[in-house]
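Data block below; observations after.
Every chain is numbered from 1 and lettered A, B, ... according to where its sequence line falls, protein lines coming before strand lines.
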Number of protein chains: 2
Amino acid sequence: MGIREQKMARTRRLISEKAFELFTCNGYQQTTIEQIAVAAEVGPRTLYRYFPTKETLVVEFVRTSLFDALEELHAQPVAPLPVALNTVIGRVLDVMATDPARVLAVYDISGPNGSVRAQLGDVLWSWRDALAAEVAQRLDDPSDRVTAQLTAALAINVIEVVVRSWVNSGGTADMRTLAAETTALLRDGKIPVPTPDQA
Amino acid sequence: MGIREQKMARTRRLISEKAFELFTCNGYQQTTIEQIAVAAEVGPRTLYRYFPTKETLVVEFVRTSLFDALEELHAQPVAPLPVALNTVIGRVLDVMATDPARVLAVYDISGPNGSVRAQLGDVLWSWRDALAAEVAQRLDDPSDRVTAQLTAALAINVIEVVVRSWVNSGGTADMRTLAAETTALLRDGKIPVPTPDQA
DNA sequence: GGACATCGTGGCAGTTACTGCCACGATCTT
DNA sequence: AAGATCGTGGCAGTAACTGCCACGATGTCC
């Protein structure tokens with residue numbers, strides 16, 4: 001990696017950190033792009049090249065966590081689908097557990113703010129699509145998009161519920177344990193499924 | 001309903017219709033709030049009182065479809081949970097089938113545009129929370145939030161997959177049939193579930 | 001039916017996120 | 001060492017959104 005890329009990586013991290021500082025300290029709405037630029041000692045124009053929107057500053061950590069874990073699944077040789085799904089979920093949670101404070105911060109910020117919460121949802125949406133594509137390849141019928149979509153959706157539901165429970169616990173619970181409990185519910189058919197009314 | 005409320009309802013619908021006309025005709029990004037205001041013969045300031053953000057103009061149809069259907073569930077007397085879920089899903093799809101062109105338009109617009117797609121996701125998110133609250137009341141253990149969340153998530157997944165398939169079919173398929181097929185997959189355990197790797 | 005209270009309307013000025021354009025200077029290549 | 005490449009950032013501009021305020025239409029009370 002050349003000097004150029006190193007500097008850019010450093011600048012990127014610096015911007016991200018300063019942004020989180022200001023967000024958690026003064027609030028998301030109250031913090032302006034220019035303030036972040038000043039704090040990171042770059043021009044606003046430069047900041048926009050690293051993070052195209054203000055929401056990106058908050059959401060990017062989650063995005064990379066998800067897609068990094070997915071890439072590992074892609075590289076991995078063939079494995080039974082249910083096990084592979086369990087592995088991906090574990091990877092995602094592990095990466096997030098790397099920086100628990102940031103996870104909590106993301107939730108604090110995105111909770112009251114509509115556009116950030118929405119962007120967070122969009123990250124999950126696009127990740128679900130990517131996961132569904134990965135799932136389809138390992139299905140008996142790779143053209144069965146409905147099954148692939150539902151499978152991916154299920155996996156992301158588990159992640160969402162686990163992270164949510166974890167956040168509600170204030171970050172004290174163990175994500176792996178929560179995940180195990182949650183998937184067990186699904187496997188044991190403890191979750192009600194829509195059923196037509198026919199006697 | 002007084003004259004005032006009637007006028008407001010009319011203005012609201014007029015703004016919404018003109019907005020969709022311009023969006024589908026000239027594109028979302030290319031259409032400005034002021035253009036919509038001129039087309040609807042109101043001041044921009046007034047338009048903002050009806051629709052606080054530009055995205056709202058696109059998303060509001062989906063939001064009302066979802067929450068109207070949920071309200072009916074709330075009013076309904078006790079029914080077996082699986083049947084109730086099936087009913088809600090049917091209601092939502094019925095309401096959407098009321099105006100198929102608009103559903104297709106919403107997808108066309110939100111597809112390429114990040115912020116609109118995100119807002120759409122946020123609507124689903126908030127609806128899932130509301131549905132989860134409704135589900136919890138009908139659970140043996142109303143404090144079991146994990147089960148409630150997963151159940152609601154499952155229902156919304158079905159809706160998403162069905163609408164998506166329907167859109168992909170160009171609006172020719174029958175939503176009810178698609179829904180029946182999808183829920184059948186879930187009931188029959190045809191969807192792979194994350195499973196730990198233990199011999 | 002008329003006077004007063006209520007409330008939607010919309011114009012104006014201002015903030016802020018974001019973009020295209022362009023010149024400068026630092027890094028990389030040969 | 002000289003030239004090509006590329007990140008940086010200033011400047012001007014657009015458009016989404018907001019607070020404030022006055023006007024006029026609707027609702028209410030006598």
Would you kindly give the NZ-to-P distance between B:Lys54 and D:dA15, to the nearest whole Å? 9 Å
Could you name each residue pair satisfying salt bridge (charged side-chain N to carboxylate O under 4.0 Å, His left out) that touches residues 120-143 of chain B, not counting sequence neighbours? A:Arg117-B:Asp122, A:Glu160-B:Arg128, A:Arg164-B:Asp129
What is the distance from atom CG of B:Leu73 to atom CG of B:Leu85, rounded to the nearest 0.5 Å? 7.5 Å
Please report, rounded to the nearest Å, how far the P atom of D:dC17 is from the CD1 atom of B:Ile33. 6 Å
Walk along nucleotides 1-12 of chain D from 5' to 3' and tag each nucleotide B, S or - by protein heavy-atom contact under 4.0 Å, base first, then sugar-phosphate. ----BBSBBBB-
When the rotation axes relating C1' atoms of four end pairs to the next four are compared across the helix from C:dG1-D:dC30 to C:dT30-D:dA1, five pairs an end, they differ to 10° by 30°
Nearest whole angstrom, please: distance from the C1' of D:dA16 to the CD of A:Glu55. 13 Å
Who passes side chain to side chain donor-acceptor pair (under 3.5 Å) against B:Asn157, sequence neighbours left out? none
Apply side chain to side chain contact (heavy atoms under 4.5 Å, CB included) to A:Ala173 and list each qualifying residue two or more places apart in sequence or on a separate chain. A:Trp166, A:Ser169, A:Leu178
Euclidean distance, atom CD of residue A:Gln35 to atom P of C:dT15 [Å, nearest integer]: 14 Å
Nearest-Å distance, CG (B:Asn113) to C1' (D:dA16)? 13 Å
B:Glu72 meets the salt bridge (Lys or Arg N to Asp or Glu O under 4.0 Å) criterion, sequence neighbours left out, with B:Arg91
Once you round it to whole Å, what is the distance between C1' of C:dC7 and CD of B:Glu5? 12 Å
Heavy atom of residues 14-31 of chain B under 4.0 Å from DNA chain C: which residues? none
Set of side chain to side chain contact (heavy atoms under 4.5 Å, CB included) partners for A:Arg63, sequence neighbours left out: A:Phe67, A:Val123, A:Ser126
Hits for ring pair (Phe, Tyr, Trp, His ring centres under 6.0 Å) against B:Tyr28, two or more places apart or cross-chain, chain-then-number order -> B:Phe23
Residues 98-107 of chain B vs side chain to side chain donor-acceptor pair (under 3.5 Å), sequence neighbours excluded, gives B:Ser16-B:Arg102
Once side chain to side chain contact (heavy atoms under 4.5 Å, CB included) is applied, do any residues pair with A:Pro80, and if so which ones, sequence neighbours excluded? A:Pro82, A:Val83
Under the side chain to side chain contact (heavy atoms under 4.5 Å, CB included) criterion, do B:Asn26 and B:Thr31 qualify, and how do the steps go? CA-CA 6 Å; B:Asn26 304 348; B:Thr31 305; 4.0 Å; yes
To the nearest Å, how far apart are B:Phe51 CZ and D:dT18 P? 15 Å
Sorted by position of nearest nucleotide on DNA chain D, 5' first, the leading residue of B:Thr53 and B:Gly2 is B:Thr53
Taking side chain to side chain contact (heavy atoms under 4.5 Å, CB included) as the test, write out the residues that go with A:Asp94, two or more places apart. A:Arg176
